Amino acid sequence: MIGHALTAGYAVLMGAVTGSLLPLALEFPFEWHYIRSIIRVSLHVSLVAVTLSTLCSIPVALLIGFKEFRGKTLVTSLINTGMGFPSVVVGLVVLFAVSNEGPLGTFDLVFTPEAMIMSQFVLAAPVITGVTLAAVSSVDQNVRDAAFAMGGTRIDVALVTIKEARYGIATAVLAGFGRAISEVGSVLIVGGNITGPEGISQTRTLTTAIQLEARQGRFQTAMLLGAVLVVLVLLVNALVIRLGNGGGRYR
Amino acid sequence: MTLSATELCHGYDGDPVFDGVSLSVTPGEVVTIIGPSGVGKSTLLRLLALFDAPDDGTITVDGVDVWAASDQRRLEYRRRIGMVFQEASLFDASVRRNVEYGVRVRQSWADRLRTALSSLSRRGNGDSNVVEALETVGLHERADRDATSLSGGQAQRVAFARALAYEPDVLLLDEPTSDLDPRNTAVIEDAVLAATERDIGVVVATHDMHQAERIGDRVAVLLGNEIIEVGPTEPIFESPSDDRTRKFIDGELIY
């Protein structure tokens with residue numbers, strides 16, 4: 001009896017799905033190559049920016065974490081301030097830097113993915129440096145001493161510290177990626193939200209596309225792009241946790 | 001190898017910790033440093049382990065002044081010395097990875113890469129030294145356990161095995177059993193004696209008089225800023241020439 005009811009309910013549900021939602025999905029006015037090109041630009045810009053930021057930030061965080069020097073507190077608070085730096089201001093500064101009169105004017109980078117990478121680099125670097133710094137500073141001095149006592153060189157001790165702080169560093173990279181891929185202000189200013197002739201994105205990212213589609217009233221497209229953005233962030237989270245985990249546990 | 005400190009003076013921020021301290025350890029002997037907490041036993045061991053250069057005085061390995069030697073030579077000397085701290089301070093990895101560490105850092109980068117790649121594809125039993133070191137402290141069956149899951153006593157035994165695995169010539173132990181129960185203490189003390197049979201010279205800093213009496217061939221009494229007495233353990237414990245030594249051994253408050 002209950003089985004029959006369930007089957008019937010399921011049939012009704014499936015009917016509703018196929019009857020109403022599926023045609024809707026099929027009739028969506030999406031041009032998939034347009035969406036795909038936006039995802040590609042977004043991922044390319046943010047992944048390159050975060051990779052470069054990580055490569056620069058980890059050595060800087062290790063240096064600041066281990067060396068005692070005058071003005072260390074100042075440097076640390078500057079980094080922490082940088083974590084919350086307004087992205088539109090970063091966009092403005094990068095736009096000035098790459099504009100014709102700016103110091104990088106000769107490279108002709110206005111409204112290019114490279115300029116967007118620069119601005120996202122500037123946004124992600126303080127986040128990655130700051131969180132990494134907190135993580136490496138919390139590695140016990142005794143553990144570093146033990147590595148040194150067992151014959152480790154300064155490089156070995158630094159590697160041990162990175163390894164001990166791996167979960168914190170993974171979190172830092174994630175936070176940096178989250179900041180980079182989900183920000184609108186600077187990529188809009190330096191990238192210009194441009195698509196090429198056949199609707200292929202050149203400097204249009206998920207965020208700037210959502211902003212444009214929503215303003216033009218194409219909510220379905222905007223919502224889909226929003227969903228893609230959320231899924232991407234989730235996927236990268238899962239991936240980094242998996243890698244940082246090494247088959248063990250996440251703490 | 002013989003590790004010697006001669007007329008060491010050292011301090012922090014202008015405060016002298018000790019002044020004119022001399023001590024040496026020869027192969028196969030156990031030298032204990034006794035003295036109250038905070039007297040500078042750890043500082044002395046750190047200097048002997050070549051962590052820092054002393055403010056004054058010399059540290060020699062087989063007669064060669066270590067701090068006058070090149071960085072590369074000093075690294076070679078440093079790698080013949082093992083040190084175990086009061087806290088185990090294990091790495092967040094398996095027991096085996098912890099014990100392998102000293103062996104790994106002595107390999108070339110190419111060899112390290114090769115070892116890392118081969119350990120990805122299969123789980124080897126690793127270096128025979130690593131297995132032997134773990135057997136010495138009775139933990140070979142726990143090689144694949146997570147080091148952070150061990151009890152305090154087991155962790156300290158792993159810390160000891162870490163120092164044994166790369167076969168040092170001198171072993172420095174900084175209050176290695178002060179947090180341990182009698183059974184774990186006995187395991188460590190047996191391992192110390194086993195190490196001396198392999199001609200390893202051992203220096204143990206301790207505030208446990210009985211331990212100094214049990215395992216020490218010679219004892220150095222560190223009090224004030226100096227070593228007030230040094231010599232074979234038994235005569236010093238039975239008839240110390242310095243009155244402060246007698247009071248310290250008898251447990252009287254002298255500081």
Side-chain angles (χ1 to χ4, degrees), chain A residues 55 58-59 61-62 65-70 72-73 131-174 239-251, chain B residues 42 45-46 48-52 71-72 74-94 97-107 109 112 116 119-120 133 146-149 155-156 158-168 170-174:
Chain A
L55 291 178
I58 290 180
L62 284 174
F66 293 165
K67 287 260 182 259
E68 291 304 325
F69 55 90
R70 275 167 65 97
K72 183 170 172 168
T73 322
V131 180
T132 303
L133 178 59
V136 296
S137 305
S138 67
V139 173
D140 199 340
Q141 175 70 41
N142 292 338
V143 172
R144 281 152 49 191
D145 279 353
F148 188 75
M150 280 188 277
T153 59
R154 302 273 165 210
I155 295 172
D156 294 320
V157 175
L159 289 176
V160 161
T161 311
I162 291 176
K163 215 165 174 184
E164 291 290 301
R166 59 192 179 274
Y167 304 111
I169 294 174
T171 310
V173 174
L174 277 184
L239 187 73
V240 173
I241 288 172
R242 185 89 196 90
L243 287 179
N245 218 358
R249 70 237 163 256
Y250 184 73
R251 295 188 302 203
Chain B
S42 299
L45 285 192
R46 283 175 75 93
L48 287 173
L50 310 182
F51 268 68
D52 311 296
D71 287 355
Q72 187 54 39
R74 188 158 55 246
L75 177 64
E76 285 164 17
Y77 289 134
R78 191 156 68 76
R79 286 184 168 172
R80 292 167 64 186
I81 302 169
M83 181 156 177
V84 179
F85 300 87
Q86 187 173 354
E87 285 171 34
S89 305
L90 300 183
F91 304 138
D92 182 4
S94 71
R97 296 287 289 177
N98 267 280
V99 179
E100 274 173 355
Y101 185 79
V103 179
R104 251 192 347 255
V105 294
R106 283 164 176 74
Q107 294 174 333
W109 288 100
R112 283 200 225 181
S119 72
L120 280 180
D146 189 348
T148 51
S149 70
Q156 188 62 317
V158 171
F160 194 88
R162 284 203 300 197
L164 281 182
Y166 52 85
E167 300 187 307
V170 171
L171 204 47
L172 310 171
L173 311 177
D174 188 2

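Fair warning: this is a prediction, and the values are worked out from it, not measured in the lab. Throughout, a chain's letter reflects where its sequence line sits, starting with A, and its residues are numbered from 1.
- Nearest heavy-atom pair across Gly152(A) and Tyr101(B) is CA-OH, 4.5 Å.
- Proximity to chain A (any heavy atom under 4.5 Å) is shown, for Arg80(B), by neither the backbone nor the side chain.
- Remark: Asn142(A) pairs with Glu87(B) by the side chain to side chain donor-acceptor pair (under 3.5 Å) rule, at least two apart or across chains.
- Proximity to chain A (any heavy atom under 4.5 Å) is restricted, for Leu50(B), to the backbone atoms N, CA, C and O.
- With Pro168(B) as the partner, the side chain to side chain contact (heavy atoms under 4.5 Å, CB included) test is satisfied by one option alone out of Leu171(B), Val170(B), Leu172(B): Leu171(B).
- When all heavy atoms are compared, the tightest approach of Glu68(A) to Lys72(A) is OE2-NZ, 3.3 Å.
- Contacts of Arg106(B) with chain A are made by side-chain atoms alone, with heavy-atom separations under 4.5 Å and no backbone atom involved.
- With respect to chain B, the highest number of heavy-atom pairs below 4.5 Å among Asp145(A), Ile155(A), Val139(A), Leu159(A) belongs to Asp145(A).
- Remark: Ser137(A) pairs with no residue by the side chain to side chain donor-acceptor pair (under 3.5 Å) rule, at least two apart or across chains.
- The part of Tyr166(B) that comes within reach of chain A is its side chain, from C-beta onward, which places non-hydrogen atoms under 4.5 angstrom from that chain.
- Contacts of Phe91(B) with chain A are made by both backbone and side-chain atoms, with heavy-atom separations under 4.5 Å.
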